[in-house]
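These notes are about the structure you will find just below.
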Amino acid sequence: MAQGSGAVPSTELLEWPKKDNRRLLHAVYRVGDLDRTIKFYTECFGMKLLRKRDIPEEKYSNAFLGFGPEESHFVMEFTYNYGVTSYDIGTGFGHFAIATPDVYKMVEDIRAKGGNITREPGPVKGGSTIIAFVKDPDGYVFELIQRDSIIDPLCQVMLRVGDLDRAVKFYEKALGMKLVKKVDRPEYKYSIAMMGYAEEHETTVLELTYNYGVTEYTKGNAYAQVAISTDDVYKSGEVVEHVIQELGGQVTRKPGPIPGLNTKITSFLDPDGWKTVLVDNEDFLKELGN
């Protein structure tokens, strides 16, 4: 481990992420027309508008949409910056995924409402799971996955990484996630690792994808980050700093309250440059009015 941040961390501190009360809260990305996005996600995907706010002094609006309340479901946070109508998605962001009992019917409904189907429903290559792909009006890709049992329909965030083993170690050590599934597909020259806080069918997971020989991707300026809950932002932030020394990454915001909102957060980049924000559990519930 590199030197520079003081004493060697205690075993108790490094075990903290696995004992902490964590779950994926939301993904944040930028859109060119907030009303258009809300219309698409509610009509085509069947999501609900959970809350919306306009911050004119900072020249942006945002909306939270999902399949259930934020207290218990992973949701999408869409941000519209005044006057900006399009963004670069980049090559690193992959897709979000929605689980549904009938992919064929969902595709029919989306098509009827003018949605862009980029892969017709059918089994995955070399498997039996039925999937399809659609694009939203801003160009974000969604994978539709057919499942019999669904706890939270918004079930995956797929990000591409340059070193899969390093990425898995980072999310295990810094965020207390577990590797719930790893698949290597040499015939298609890629490997994936599903990272989460419960089994793949029980929770939302990060799908980390490594394409053979590709070590870097462009991030664009569209996808922003995922947010994860914690009982102690300061303790969690301390762990992250130590893991970053070992595996790479960067702290982008030290632990502390957001001015004006008083919600305690910390944020950082993983070794591939993907951003995560850790949010205090109690403060998050206060934001929701609980």
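Contact check on Lys169 versus Glu246 returns no salt bridge, with no Lys/Arg side-chain nitrogen under 4.0 Å from an Asp/Glu carboxylate oxygen. A salt bridge is absent between Glu187 and Lys125; no separation between the charged side-chain nitrogens and carboxylate oxygens falls under 4.0 Å. Between Lys105 and Asp109, at least one side-chain N (NZ, or NE/NH1/NH2) sits under 4.0 Å from a carboxylate O, which counts as a salt bridge. A salt bridge is absent between Asp232 and Lys19: the closest approach of a Lys/Arg side-chain nitrogen to an acidic carboxylate oxygen does not fall below 4.0 angstrom. Ion pair Lys181/Glu207 not flagged as a salt bridge, since none of the NZ, NE, NH1 or NH2 atoms sits closer than 4.0 Å to an Asp/Glu carboxylate oxygen.
Atoms CD and CD, on Gln250 and Glu241 in that order, are 11.5 Å from each other to the nearest 0.5 Å. Rounding to the nearest 0.5 angstrom, the gap separating the OG1 atom in Thr230 from the CH2 atom in Trp16 is 5.5 Å. In this structure, CG in Asn281 is found 11.5 Å from CD1 in Ile228, a value given to the nearest 0.5 Å. The CG atom of Leu50 lies 9.0 Å from the CD atom of Glu71; values are rounded to the nearest 0.5 Å. To the nearest 0.5 Å, the span separating CD on Gln156 from CG on Leu24 amounts to 12.0 Å. Ile130 contributes atom CD1, which lies 15.5 Å from atom CE of Met106 (distance to the nearest 0.5 angstrom).
Under the 4.5 Å side-chain heavy-atom criterion for Ile, Leu, Val, Met, Phe, Trp and Tyr, Ile192 and Val180 are members of the same hydrophobic cluster. Leu49 is connected to Met47 through a chain of hydrophobic side-chain contacts under 4.5 Å among Ile, Leu, Val, Met, Phe, Trp and Tyr, so both are in one cluster. Ile131 and Ile110 fall into different hydrophobic clusters, where Ile, Leu, Val, Met, Phe, Trp and Tyr are joined by side-chain heavy atoms under 4.5 Å apart, directly or via other members. In this structure, Leu144 is a member of the same hydrophobic cluster as Val157, with clusters built from ILVMFWY side-chain heavy atoms closer than 4.5 Å. Taken together through direct or relayed side-chain contacts under 4.5 Å among Ile, Leu, Val, Met, Phe, Trp and Tyr, Val226 and Val168 form part of one hydrophobic cluster.
Side-chain atoms of Thr91 come within 3.5 Å of backbone N or O of Thr218 as a donor-acceptor pair. Under a 3.5 Å cut-off, the side chain of Asp138 and the backbone N or O of Gly32 do form a donor-acceptor pair. Panel note: side chain Ser229, backbone Arg23; a donor-acceptor pair is recorded below 3.5 Å. Distance alone, capped at 3.5 Å, is enough to place a donor-acceptor pair between the Asp283 side chain and the Lys264 backbone. In this structure, the side chain of Asp272 does not engage the main chain of Trp274 through any donor-acceptor pair within 3.5 Å. Distance alone, capped at 3.5 Å, places no donor-acceptor pair between the Asp20 side chain and the Ser236 backbone. A donor-acceptor pair under 3.5 Å is formed between the side chain of Arg160 and the backbone N or O of Phe93. One N or O on the side chain of Thr204 and one on the backbone of Leu154 form a donor-acceptor pair closer than 3.5 Å. One N or O on the side chain of Arg119 and one on the backbone of Gly122 form a donor-acceptor pair closer than 3.5 Å. Proximity of a side-chain donor or acceptor of Tyr80 to a complementary backbone N or O of Gly83 within less than 3.5 Å is detected.
Among all heavy-atom pairs drawn from Tyr223 and Arg30, the shortest one is O-NH1, 4.1 Å. Heavy-atom minimum distance, Tyr217 versus Asn211: OH-ND2, 3.0 Å. Scanning all heavy atoms of the two residues, the minimum distance from Val239 to Leu13 falls at CG2-O, 3.2 Å. Scanning both residues, Ile244 and Leu269, for their nearest heavy atoms gives CD1-O, 4.2 Å. Residue Val134 comes nearest to Thr118 through the heavy atom pair N-OG1, 3.9 Å, listed as atom of the first residue, atom of the second, then distance. Of all non-hydrogen atoms in Val233 and Leu278, the two that sit nearest each other are CG2-O, 4.1 Å.
In this structure, Glu287 and Arg51 have side chains that are in contact, with non-hydrogen atoms separated by less than 4.5 Å. In this structure, Ile151 and Thr203 have side chains that are not in contact, with every pair of non-hydrogen atoms separated by 4.5 Å or more. Phe268 has its side chain within reach of Leu175: a pair of non-hydrogen atoms, C-beta onward, lies under 4.5 Å apart. With contacts defined as side-chain heavy-atom distances shorter than 4.5 Å, the pair Ser149/His201 does not qualify. Looking at Lys235 and Glu12, their side chains come closer than 4.5 Å, going by heavy atoms from C-beta outward. Side-chain atoms of Glu199 and Lys178, non-hydrogen and from C-beta on, do get closer than 4.5 Å to each other. Between Pro137 and Asp33 the shortest side-chain heavy-atom distance does not fall below 4.5 Å. In this structure, the side chains of Leu179 and Met195 come closer than 4.5 Å at one or more pairs of heavy atoms.
Asp280 and Tyr234 are not linked by any side-chain donor-acceptor pair at a separation below 3.5 angstrom, with hydrogens and angles left out of the test. Defined by atom type and a distance below 3.5 Å, a donor-acceptor pair is missing between the side-chain atoms of Asp184 and Tyr210.
The aromatic ring centres of Tyr140 and Tyr87 sit 6.0 Å or more apart. Checked against the 6.0 Å centroid threshold, Phe67 and Phe74 do not count as a close aromatic pair. For Phe96 and Phe142, the ring centers are positioned less than 6.0 Å apart.
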task: Begin with the C-alpha distance, continue with both residues' side-chain angles, and end with the deciding distance and a verdict on side-chain contact (heavy atoms from CB on, under 4.5 Å) for Glu200 and Arg147.
output: CA-CA 11 Å; Glu200 186 184 358; Arg147 289 181 181 172; 3.6 Å; yes

task: Go through Phe170 and Val243 one step at a time and tell me if the side-chain contact (heavy atoms from CB on, under 4.5 Å) criterion holds.
output: CA-CA 7 Å; Phe170 186 89; Val243 176; 3.8 Å; yes

task: Please assess Thr276 against Asp270 for the test side-chain contact (heavy atoms from CB on, under 4.5 Å), listing each intermediate value before the final yes or no.
output: CA-CA 8 Å; Thr276 297; Asp270 74 4; 6.0 Å; no

Chi angles and distances behind the salt bridge (Lys or Arg N to Asp or Glu O under 4.0 Å) call for Asp165, Lys182: CA-CA 10 Å; Asp165 290 338; Lys182 190 174 183 181; 3.0 Å; yes

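Counting non-hydrogen atoms of neighbouring residues, nucleotides and ligands closer than 6.0 angstrom, the NZ atom of Lys113 exceeds 12 such neighbours. Heavy atoms from other residues, nucleotides or ligands lying under 6.0 Å from CD of Glu202 number more than 12.
Put simply, the residue from Val31, Asn81, Leu34 that forms a side chain to side chain contact (heavy atoms under 4.5 Å, CB included) with Ser61 is Leu34.
Classification of the Tyr29-Phe78 ring pair by plane angle, with boundaries at 30° and 60°, yields perpendicular.
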